[in-house]
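Note that this is a predicted model, so its numbers are computed, not measured.
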Amino acid sequence: MMIRSQSFFFIFFLSVIFNTLASPTHQRDALLEFKNEFPFNASDPRAPSEAPLSSWNTSSDHCSWKGVTCNAHSSEVISLVLEYTYLNGSLKANTSLLKLHHLHHLTLYSCDLIGEIPSSLGNLSQLRHLNISDNNFLTGEIPSSIGNLSYLSLLDLSHNDLGGKIPSSLGNLSRLTVLDLSDNNGLIGEVPPSIGNLNQLKIISFYSNKLNGTIPSSFANLNKLSYLLLTGNQFSGGDLPLILSNLTSLSYLDLSDNHFKSKLPSNMSGLHNLEVFRVSSNSFVGTFPTSLFRIPSLREVYLSENQLEGPLEFGNTSSSSELGTLDLASNNFDGPIPEDISQFLKLKFIDLSNNSFTGPIPGSMYKLAFLRHLDLSYNKLEGQVPSFLWRVYTLRLSHNSFSSLEELPQAVVSESDYDLTSNSFQGPVQFDLGSNSLHGSLPRWICKRASLIFLDLSNNHLSGSIPSCLMNCTASLGVIILRNNNLSGFLPDIFTNATKLRSLDVSRNQLPGKLPKSLIHCTSMEYLNLKGNKFKDTFPSWFGSLVSLSVLFLGSNAFYGPVSSHLGFPSLRVIDLSNNSFSGTLPQDYFVNWREMASVGEKESVMSSDGIDTFMSHMGELSMYEDSMDMMYKGVDTEFPKILYMFKAIDFSGNKFTGRIPKSIGMLKELRHVNFSRNAFTGSIPSSLANITNLEALDLSHNKLSGNIPRDLANLSFVSYLDFSHNLLQGPVPRSTQFQRQHCSSFEDNLELYGLEEICGPIHVPHPTSGDSHQSEESEEALSWKAAAIAFGPGVFCGLVIGYIFFTSHKQTHMVHGKDRLNHLGGIITVR
């Protein structure tokens with residue numbers, strides 16, 4: 001009887017404890033304690049205007065609070081979902097959440113959590129759904145105790161900053177259907193084989209980490225898996241034929257941007273639910289995976305940037321194929337583009353660029369009525385470009401050997417398939433046919449292409465005039481590149497509505513006459529290249545009103561007269577007026593308003609606002625076209641495939657300028673390159689040049705300059721090229737490492753210069769007079785400056801640029817004239 005009585009009281013005691021813990025008051029207090037774990041700091045600049053969780057107070061039922069869901073009968077908290085709630089603190093090891101014993105669902109998404117995930121969360125034994133994602137400052141390792149949550153069906157720890165290895169204990173979560181650890185960047189090591197035990201999994205997302213090794217063979221057990229996303233890691237292998245042959249429920253596979261080096265499975269037709277296949281940016285080898293294209297459900301295929309080779313063979317495919325995207329770029333495929341590519345009638349996007357395809361474009365492609373993007377650039381294709389391609393939105397055929405453009409058939413010019421102005425083809429249009437062997441005149445059908453925003457026909461053999469009807473497109477055009485053809489006739493006055501035009505390059509043609517005044521309406525113009533034509537006009541000082549103009553090339557034309565500019569060029573980074581007939585003197589304050597060359601601008605600052613290194617940013621990198629240029633640099637004709645924002649240059653060489661070099665040149669402290677050679681400048685060299693502390697190249701040769709070389713130029717730590725030859729200079733050559741490294745020819749034909757023994761060897765030089773050593777160095781032009789205390793010389797900057805070009809060049813094949821070639825400043829130095 002005593003035992004029964006004791007048992008009764010014990011059971012009663014437990015019941016009281018349980019009811020107390022589950023009581024509404026206890027649940028409410030636990031939530032308020034959790035709120036107080038994250039005190040609100042209104043002075044924090046990132047804090048919202050209103051304190052988070054302000055609705056959590058004792059004046060209302062806790063089940064009505066933001067993010068809280070309760071059991072309808074017991075008022076027990078079963079779900080806590082906080083999204084975009086500014087907690088700005090860390091989860092405590094003894095967090096009050098542990099008092100919510102019936103919690104099934106916990107989401108703390110984008111709550112600005114910091115610190116580590118406490119292992120004590122493994123005690124929330126009733127959890128079915130745990131989402132602690134998108135908290136960028138959440139660090140540490142994934143607690144192995146999470147493997148104790150045996151009821152868990154969803155685990156999302158993505159978009160944090162977690163590190164370490166994936167704990168093998170996660171393999172205990174036998175009910176898990178979603179496992180998302182993506183975009184943590186710090187997860188390392190191999191994926192534990194125990195993950196393959198989770199045979200209820202439907203989604204695995206591990207992308208954007210540093211996981212390595214092989215994909216566990218145990219993944220073959222995951223026959224319910226629908227999504228497998230492993231992109232952006234360092235995986236190098238795995239038994240893909242075994243694994244993929246068993247993943248019969250797979251609809252989305254992404255292995256891109258890893259280190260796989262094997263062959264693709266020879267037979268993938270068993271993946272009958274597959275819709276997306278992504279394996280780009282690996283080193284897969286072997287031939288084209290024909291079996292993949294027998295899957296009727298397949299919508300997107302991405303095989304780019306691998307080492308696949310041989311011809312394309314699609315084989316027998318389903319008549320109901322859903323294929324809409326085909327990306328085979330940057331492989332080693334060869335042979336003709338097969339005619340049976342047209343059996344994929346729903347294709348919208350085709351990229352076969354950077355391969356070795358030969359022959360013509362198959363005529364059967366006219367059947368691809370939905371095609372909107374076609375990139376066949378950087379191949380060996382030839383023949384005529386068929387007219388049915390003019391209906392495509394984005395057409396890239398550059399760097400092939402196409403010889404002509406088929407005109408639109410007159411008999412069908414108004415039909416919907418060819419009506420380039422019809423409503424069914426509205427949207428931005430891009431045509432890139434540069435670097436081919438196209439002959440003939442510019443086709444007039446271009447003028448009928450509505451919404452044309454990009455046109456590149458450069459590096460061809462096109463002749464005739466630029467059609468005036470192009471005015472119909474200038475309202476939408478952002479880039480026009482027609483350089484290096486045989487175009488003649490006046491540049492038409494078609495730019496009145498060209499307010500979106502950012503880049504215009506008609507260089508290296510045969511265009512004569514005056515510049516069209518309508519260019520003044522190109523208010524978005526950043527890049528204008530008219531170099532190497534027959535323009536004969538006065539200096540277009542009105543370009544100064546183009547406030548965005550950054551690069552201006554007028555070189556190698558027949559421009560003449562003075563170059564006065566009342567407004568200056570506040571945004572200019574590069575200007576080339578070389579090899580014209582400009583004349584007269586430059587006022588001493590000529591460069592006062594050239595502000596962009598005088599200071600570091602936002603675009604070339606070392607770190608941007610989001611922390612991304614922009615030291616090597618270049619023009620056009622965020623748009624559809626990366627600007628390029630060529631100019632004399634360090635005495636050599638240099639091609640620049642990219643124009644770095646930090647590169648700022650002035651080339652006034654090969655003209656008829658007289659008088660003194662403006663002392664205001666010293667205000668342009670961010671200049672890298674200055675060339676005033678082959679003019680008739682007189683007077684002394686401005687000592688203010690020493691203010692240009694980033695200067696790398698200075699060419700003052702072939703003028704009538706006199707006096708001493710300013711000794712302060714010896715302090716220019718980055719300079720690697722100097723040329724003072726063929727002047728009337730006298731006195732001592734400044735002594736510095738930069739001067740000692742110059743070639744003797746940089747000082748020749750200055751008969752009264754001395755101190756050249758270390759540069760030219762023992763030669764006869766005039767003896768200095770007593771007055772020579774104390775001669776004034778243009779004191780009236782001296783500008784205040786501080787010498788840059790830079791211990792590392794020009795080699796560091798050059799090395800940075802060479803490394804940048806090596807690692808960032810993509811889809812670029814550059815023509816080299818001659819044998820000597822050097823990457824520098826984003827340029828290819830070419831000895832002609």
Without swapping roles, check the side chain of N379 against the backbone of S356 for a donor-acceptor pair under 3.5 Å.
yes

Atom pair CD1 (I480) and OG (S503), whose distance is rounded to the nearest 0.5 Å
10.0 Å

Using 0.5 Å steps for rounding, measure from the CG atom of L352 to the CG atom of L374.
7.0 Å

For the CD atom of Q384 and the CG atom of L438, what is their distance to the nearest 0.5 Å?
10.5 Å

Taking every non-hydrogen atom, the tightest pair across N533 and Q510:
OD1-N, 3.3 Å

Looking at L442 and R444, what are the two nearest heavy atoms and their distance?
O-NH1, 2.9 Å

Disulfide bond (SG atoms under 2.5 Å apart) between C469 and C447, intermediate numbers included
CA-CA 6 Å; C469 65; C447 303; 2.0 Å; yes

Is there a donor-acceptor pair closer than 3.5 Å between any side-chain N or O of D180 and the backbone N or O of I204?
no

Min side-chain heavy-atom separation I446-L470 under 4.5 Å
yes

Nearest heavy atoms of D576 and K531, plus distance in Å
OD2-NZ, 3.3 Å

Give the minimum heavy-atom separation between T248 and G270, together with the two atoms involved.
CG2-O, 4.3 Å

Do the non-hydrogen side-chain atoms of N332 and L308 ever get within less than 4.5 Å of each other?
no

Grab the two heavy atoms, one from V191 and one from F219, that are nearest each other, plus how far apart they are.
CG1-CZ, 4.0 Å

Walk me through it: do F402 and N460 pass the test side chain to side chain contact (heavy atoms under 4.5 Å, CB included)?
CA-CA 10 Å; F402 293 114; N460 280 288; over 6 Å; no

Between R396 and Q430 the two heavy atoms that sit nearest each other are NH2-OE1, 3.3 Å

Looking at L181, is its backbone amide N or carbonyl O close enough to the side chain of S158 to form a donor-acceptor pair, meaning the two atoms are under 3.5 Å apart?
no

Checking E339 against S364: is there a side-chain donor and acceptor pair closer than 3.5 Å?
yes

Would you sort out whether F431 and W445 count as a ring-ring contact (aromatic ring centres under 6.0 Å, His included), showing the intermediate values?
CA-CA 12 Å; F431 287 155; W445 56 258; 5.6 Å; yes

Walk me through whether S403 and S437 qualify under side chain to side chain donor-acceptor pair (under 3.5 Å).
CA-CA 5 Å; S403 57; S437 298; over 6 Å; no

T325 and L323, any side-chain heavy atoms less than 4.5 Å apart
no

Side chain to side chain contact (heavy atoms under 4.5 Å, CB included) between K346 and S321: does it pass, once the steps are laid out?
CA-CA 8 Å; K346 296 184 179 180; S321 174; over 6 Å; no

Quick one, Y393 and K348 - any side-chain contact, counting heavy atoms below 4.5 Å?
no

Test S256 against Y302 for side chain to side chain contact (heavy atoms under 4.5 Å, CB included), laying out the working first.
CA-CA 9 Å; S256 58; Y302 302 88; over 6 Å; no

From CD (E382) to OG1 (T358), nearest 0.5 Å:
7.5 Å

Tell me whether N436 contacts the main-chain N or O of G434 through its side chain, where contact means a donor paired with an acceptor under 3.5 Å.
yes

Do the side chains of R299 and E322 get close enough for a salt bridge, i.e. N-O under 4.0 angstrom?
no

With under 30° as parallel and over 60° as perpendicular, where do the rings of F288 and F333 fit, or are they tilted in between?
perpendicular

With no hydrogens and no angle check, is any side-chain donor or acceptor of D327 less than 3.5 Å from a backbone partner on A329?
yes

Is there a donor-acceptor contact under 3.5 Å from the side chain of S435 to the main chain of N400?
no

Is the backbone of L211 close enough, under 3.5 Å, to the side chain of N233 for a donor and an acceptor to pair up by distance?
yes

Residue pair L255, L240: steps toward the side chain to side chain contact (heavy atoms under 4.5 Å, CB included) verdict:
CA-CA 11 Å; L255 305 180; L240 293 182; 4.3 Å; yes

Taking the six-membered ring for Trp, are the ring centroids of F314 and F344 within less than 6.0 Å of each other?
yes

dist S208:OG -> L230:CG (nearest 0.5 Å) comes out at 11.0 Å

Just verifying a value: how many Å separate K500 NZ and S476 OG, rounded to the nearest 0.5 Å?
7.0 Å

When you compare the side chain of V385 with that of L433, does any pair of heavy atoms fall below 4.5 Å?
yes

After noting the C-alpha distance and the side-chain angles of N485 and N509, does the key distance pass the side chain to side chain donor-acceptor pair (under 3.5 Å) rule?
CA-CA 5 Å; N485 280 284; N509 281 284; 4.7 Å; no

Checking ring pair (Phe, Tyr, Trp, His ring centres under 6.0 Å) between Y227 and each of F206, Y207, Y252, which is the one that passes?
Y252

Has the side chain of H399 got a donor or acceptor atom that lies under 3.5 Å from a matching backbone atom of L397?
no

Could you tell me whether the side chain of N355 and the main chain of S353 form a donor-acceptor pair under 3.5 Å?
yes

Just checking F277 against F293, ring centres under 6.0 Å apart?
no

Using side-chain heavy atoms (C-beta onward) and a distance below 4.5 Å, is L250 in contact with N273?
no

Decide side chain to side chain donor-acceptor pair (under 3.5 Å) for S304 and S280; before the verdict, give the C-alpha distance in whole Å, the side-chain angles of both, and the deciding distance to 0.1 Å.
CA-CA 5 Å; S304 61; S280 300; 2.9 Å; yes

Check: L247 main-chain N/O paired with N223 side-chain donor or acceptor under 3.5 Å:
no

Side chains of N306 and F260: closer than 4.5 Å at any heavy-atom pair?
no

Y366 vs L389 side-chain heavy atoms within contact, under 4.5 Å:
no

